[in-house]
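The sequence lines fix the lettering, A, B, ..., with proteins before strands; numbering per chain opens at 1.
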Number of protein chains: 2
Amino acid sequence: MAGSKKSAESTGNRPATSSDVARLANVSQSTVSRVFSDTCKLSDETRKRVLEAAKQLGYRPNKIARSLVSNRTNIIGIIVMNNESPFYATLTNLMITACRKFGFCSMVIRQTPGEQGIDAVTRALDYRVDGIVVTAIEDSESASEICRQSSVPLVLLNRYIAGAGVDSVCCDNLEAGSLAAQYLLDKGHRSIACLMGDAAASTTRDRLAGLRSKAEERNVSIDWVEYGSYSYESGREMCRKLLADGKRPDAIFCSGDIIAFGAMDVLRYELGLRVPEDISVMGFDDTAETAWASYNLTTMRQPYEELVETACQLLVRRIEGKGSGVVRSLHACRLVERGSVQSLQPE
Amino acid sequence: MAGSKKSAESTGNRPATSSDVARLANVSQSTVSRVFSDTCKLSDETRKRVLEAAKQLGYRPNKIARSLVSNRTNIIGIIVMNNESPFYATLTNLMITACRKFGFCSMVIRQTPGEQGIDAVTRALDYRVDGIVVTAIEDSESASEICRQSSVPLVLLNRYIAGAGVDSVCCDNLEAGSLAAQYLLDKGHRSIACLMGDAAASTTRDRLAGLRSKAEERNVSIDWVEYGSYSYESGREMCRKLLADGKRPDAIFCSGDIIAFGAMDVLRYELGLRVPEDISVMGFDDTAETAWASYNLTTMRQPYEELVETACQLLVRRIEGKGSGVVRSLHACRLVERGSVQSLQPE
DNA sequence: ACGGTTTGTGCATACGAATGCATTATAAAA
DNA sequence: TTTTATAATGCATTCGTATGCACAAACCGT
């Protein structure tokens with residue numbers, strides 16, 4: 001008497017198929033399919049019967065089978081670096097939510113250590129994802145090439161490749177760097193040190209370039225620049241190295257908040273300096289932790305929602321074939337003033 | 001003369017299929033399939049010819065089609081709450097990596113606001129994922145029920161449902177709570193307040209229960225307990241509320257690090273108290289931020305890698321049909337002593 | 001040289017849903 | 001009532017891969 005308790009007629013524990021439903025509802029498999037994709041006119045009577053049968057069997061369309069014939073998986077591949085920073089976590093989370101909003105599921109692929117970025121992309125392509133978002137892998141260029149070969153749309157989020165015909169969505173790092181410089185200069189800072197993340201990333205380079213050009217415009221030269229990576233530990237190391245030579249800049253610009261956290265902690269707890277009284281620190285990204293009272297970090301806010309929304313929209317438009325030329329979408333950052341930068345100006 | 005530049009013979013920009021390869025290599029489609037699944041003996045000569053043709057066409061097996069016939073997607077669904085805490089971010093990231101190690105891709109599904117947890121699970125099931133890991137959704141019970149109906153293995157990570165026949169992997173929250181109590185008591189603390197996360201979660205309840213039982217064993221009663229959620233803001237609010245009545249406990253136990261961060265910041269920057277000199281704070285999880293010098297939080301470390309590895313292994317074993325009875329896997333936590341708890345004992 | 005075994009390959013079909021086309025039932029028009 | 005248009009449904013095929021079965025070739029021992 002097993003299984004008689006369930007209200008659904010068992011199909012032997014294998015999920016019900018459209019044919020099972022068809023049989024029960026006394027219609028053809030095509031009709032069932034049409035009820036669930038509702039592409040076509042159907043009598044209310046039939047629709048009702050089918051839906052009832054479906055409910056009884058617990059039927060749900062098999063998206064895998066559907067994908068095979070329609071050549072559309074409704075999956076977006078999200079490729080992320082093997083990076084633990086809160087910034088990427090936030091970006092990834094928002095991206096998943098955005099994809100969902102557009103009706104897509106997310107296959108998240110993390111580049112495993114030792115793996116080429118292109119392999120991560122290939123893994124996604126094997127599942128015939130409809131589109132790919134890359135938030136920072138090393139060899140974006142080859143990734144973009146292999147996507148073009150498979151004619152799968154690709155969007156770079158928070159990265160940019162000059163010249164390559166790839167869509168990208170970034171904040172305007174040049175302008176943001178410039179704004180940061182302007183802010184620090186306006187506050188009276190003249191000797192500005194920079195603790196930068198990965199030197200190879202376009203974001204890193206642009207932020208510094210923007211900062212530098214604005215500073216030079218005001219006849220201030222940026223001489224103290226350290227490179228490392230976007231991590232707390234790297235922030236600490238760069239900060240130690242910077243101040244080891246006895247250098248005492250007015251302010252330290254960090255190209256990522258997490259670098260700033262490391263730097264602040266070294267300043268306060270290893271060097272006994274006060275932030276911002278003795279030395280000012282500025283971050284970049286506006287991750288959640290910046291607002292925490294211990295840091296209270298003045299930073300440039302990246303417009304997360306806007307970036308992610310745009311990337312997703314762009315990707316979806318491409319997926320639907322509504323592509324035009326290569327898009328490079330740039331978004332303004334906004335300065336969020338908290339308490340880590342001191343004014344050296346007499347008011 | 002378009003397309004003649006590519007070395008690969010173009011198949012009209014549609015990804016090459018096994019039939020395309022078969023045609024080029026002068027073998028049947030079956031043979032191509034066999035080369036790529038290598039289930040069967042094949043002459044070296046044939047294999048070489050096929051692989052060459054495949055390379056020339058840029059052929060990679062279509063995992064969607066493969067899934068359809070083999071009834072195996074090699075995808076694991078990872079269901080996560082709409083939660084921004086670093087703890088879940090870490091857990092999710094590690095889970096993705098672990099799945100990959102076992103040869104699975106990850107479909108990450110975030111419960112969207114207003115959505116039932118069961119709907120998130122259903123979305124995964126629609127893609128016929130081979131297994132599902134749930135790291136905290138509200139209605140785990142119904143989720144488990146619908147997985148059973150589809151006979152898709154399910155593992156709860158960091159959650160536990162008493163009685164329900166669901167596999168789960170947790171740290172031993174009872175014991176961990178007890179260890180925390182023991183530590184605080186040994187340090188001489190007698191009035192211990194508790195700032196807890198979501199009251200409905202098994203983790204929250206067990207941590208408190210463990211703490212309480214150990215305390216009572218030593219004739220200390222735990223009278224000050226606040227409930228909230230696992231977030232920085234909630235930590236702040238609970239802390240304010242706790243101390244508003246003029247209460248001054250020796251120590252505050254927080255059921256999550258992020259709660260502790262909020263609490264510490266209120267203590268230090270709103271109430272002007274020193275941690276640990278005036279009041280001790282203890283956390284739970286050992287997220288990355290605990291080691292940051294600003295917090296330097298003494299906490300209970302969850303064995304992340306072990307938890308994730310176990311969950312994944314368990315799931316994979318179930319997927320391969322090697323299931324036995326219901327498994328409840330418990331893992332010991334370890335106290336990580338940093339600088340946020342003061343000793344009240346004369347040494 | 002012959003029956004028997006092994007090895008390598010092809011043929012045909014299945015997986016579950018979507019869809020162009022044919023067919024039937026129904027309604028509207030003449 | 002007959003004709004034509006229209007709406008509703010079924011039939012057959014397709015997507016790309018895997019696999020049971022049949023078959024051919026090669027090898028083996030006697």
Partners meeting ring-ring contact (aromatic ring centres under 6.0 Å, His included) with B:Phe104 (sequence neighbours left out):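 In terms of ring-ring contact (aromatic ring centres under 6.0 Å, His included), with neighbours along the sequence ignored, B:Phe104 is linked to no residue.
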
Partners passing ring-ring contact (aromatic ring centres under 6.0 Å, His included) against B:Tyr59 (at least two apart in sequence or in another chain):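 B:Tyr59 satisfies ring-ring contact (aromatic ring centres under 6.0 Å, His included) with B:Phe36 once adjacent residues are dropped.
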
Any B:Ser18 side-chain N or O less than 4.0 Å from OP1/OP2 of D:dT17: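 So the side-chain polar atoms of B:Ser18 do come within 4.0 Å of the phosphate oxygens OP1 or OP2 of D:dT17, strictly under.
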
C:dG16 OP1/OP2 closer than 4.0 Å to side-chain N/O of A:Thr17: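 A:Thr17 to C:dG16 OP1/OP2: no side-chain N or O under 4.0 Å.
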
Whole-Å distance between [N] [atom2] and [X] [atom1]?
{"X": "B:Arg66", "N": "D:dT19", "atom1": "CZ", "atom2": "P", "result": "9 Å"}
{"X": "B:Arg23", "N": "D:dG16", "atom1": "CZ", "atom2": "C1'", "result": "13 Å"}
{"X": "B:Phe36", "N": "D:dG16", "atom1": "CZ", "atom2": "C1'", "result": "13 Å"}
{"X": "A:Arg14", "N": "C:dA14", "atom1": "CZ", "atom2": "C1'", "result": "13 Å"}
{"X": "B:Leu42", "N": "D:dT19", "atom1": "CG", "atom2": "P", "result": "13 Å"}
{"X": "A:Ile64", "N": "C:dA18", "atom1": "CD1", "atom2": "P", "result": "13 Å"}

Pair A:Arg100-A:Ser106, side-chain contact (heavy atoms from CB on, under 4.5 Å): steps then yes or no: CA-CA 8 Å; A:Arg100 162 85 181 118; A:Ser106 305; over 6 Å; no

Is there any protein nitrogen or oxygen under 3.5 Å from a nitrogen or oxygen in nucleotides 25-27 of chain D, and what are the pairs?
none

Distances for protein N or O near nucleotides 5-7 of chain C N or O, under 3.5 Å:
none

Supply the atom-to-atom distance [X] [atom1] to [Y] [atom2], rounded to the nearest 0.5 angstrom.
{"X": "B:Ile109", "Y": "A:Cys99", "atom1": "CD1", "atom2": "SG", "value": "11.5 Å"}
{"X": "A:Thr203", "Y": "A:Phe87", "atom1": "OG1", "atom2": "CZ", "value": "8.0 Å"}
{"X": "B:Met107", "Y": "B:Tyr127", "atom1": "CE", "atom2": "OH", "value": "5.5 Å"}

B:Asn71 or B:Asp44, whichever maps to the more 5' nucleotide of DNA chain C: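 The residue mapped nearer the 5' terminus is B:Asp44.
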
Of B:Thr46 and B:Leu68, the one whose closest DNA chain C nucleotide lies more 5':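 Final value for this comparison: B:Thr46.
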
With sequence neighbours left out, what residues match [X] under salt bridge (charged side-chain N to carboxylate O under 4.0 Å, His left out)?
{"X": "B:Arg148", "answer": "B:Glu145"}
{"X": "B:Arg34", "answer": "none"}
{"X": "A:Arg159", "answer": "none"}
{"X": "B:Arg328", "answer": "none"}

Contacting residues from residues 119-129 of chain A, given that a heavy atom lies under 4.0 angstrom of DNA chain D: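 Contacting residues: none.
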
Just the atom pairs and distances: protein N or O near nucleotides 19-27 of chain C's N or O, under 3.5 Å.
from   : atom 1 : to      : atom 2 : distance (Å)
C:dT19 : O4     : A:Ser30 : OG     : 3.2

Closest nucleotide among D:dT17, C:dA17, C:dT9 to the A:Asn62 side chain: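 Of D:dT17, C:dA17, C:dT9, C:dA17 is nearest to the side chain of A:Asn62.
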
Test side chain to side chain contact (heavy atoms under 4.5 Å, CB included) applied to A:Thr46 - qualifying residues, sequence neighbours left out: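 Side chain to side chain contact (heavy atoms under 4.5 Å, CB included) check on A:Thr46 returns A:Val27, A:Thr31, A:Ser43, A:Val50.
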
Chi angles and distances behind the side-chain contact (heavy atoms from CB on, under 4.5 Å) call for A:Asp20, A:Arg14: CA-CA 11 Å; A:Asp20 296 330; A:Arg14 155 187 66 78; 3.1 Å; yes

Identified side-chain contact (heavy atoms from CB on, under 4.5 Å) partner of A:Leu315 from the options A:Thr310, A:Ile76, A:Ile132: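 Going through A:Thr310, A:Ile76, A:Ile132 one by one, the side-chain contact (heavy atoms from CB on, under 4.5 Å) with A:Leu315 is satisfied by A:Ile76 alone.
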
Any A:Leu307 side-chain heavy atom under 4.5 Å of A:Asn158 side chain: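 They are not in contact (no side-chain heavy atoms under 4.5 Å apart), so the answer is no.
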
Lys/Arg-Asp/Glu bridge criterion (N-O < 4.0 Å) met for A:Glu115, A:Arg110: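 Between A:Arg110 and A:Glu115 there is no salt bridge, as every charged N stays at least 4.0 Å from the carboxylate O atoms.
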
Audit row: A:Arg128, A:Leu68, side-chain contact (heavy atoms from CB on, under 4.5 Å) steps and yes/no: CA-CA 9 Å; A:Arg128 299 299 187 265; A:Leu68 183 58; over 6 Å; no

Working for side-chain contact (heavy atoms from CB on, under 4.5 Å), residues B:Gln56 and B:Glu52: CA-CA 6 Å; B:Gln56 198 176 339; B:Glu52 234 158 58; 5.9 Å; no

Sugar-phosphate only, base, or nothing, as touched by A:Val27 at under 4.0 Å among non-hydrogen atoms: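 Sugar-phosphate, backbone atoms only, no base.
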
Five-pair end axes of the helix from C:dA1-D:dT30 to C:dA30-D:dT1, angle between them (10°):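 It comes to 40° between the two terminal axes.
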
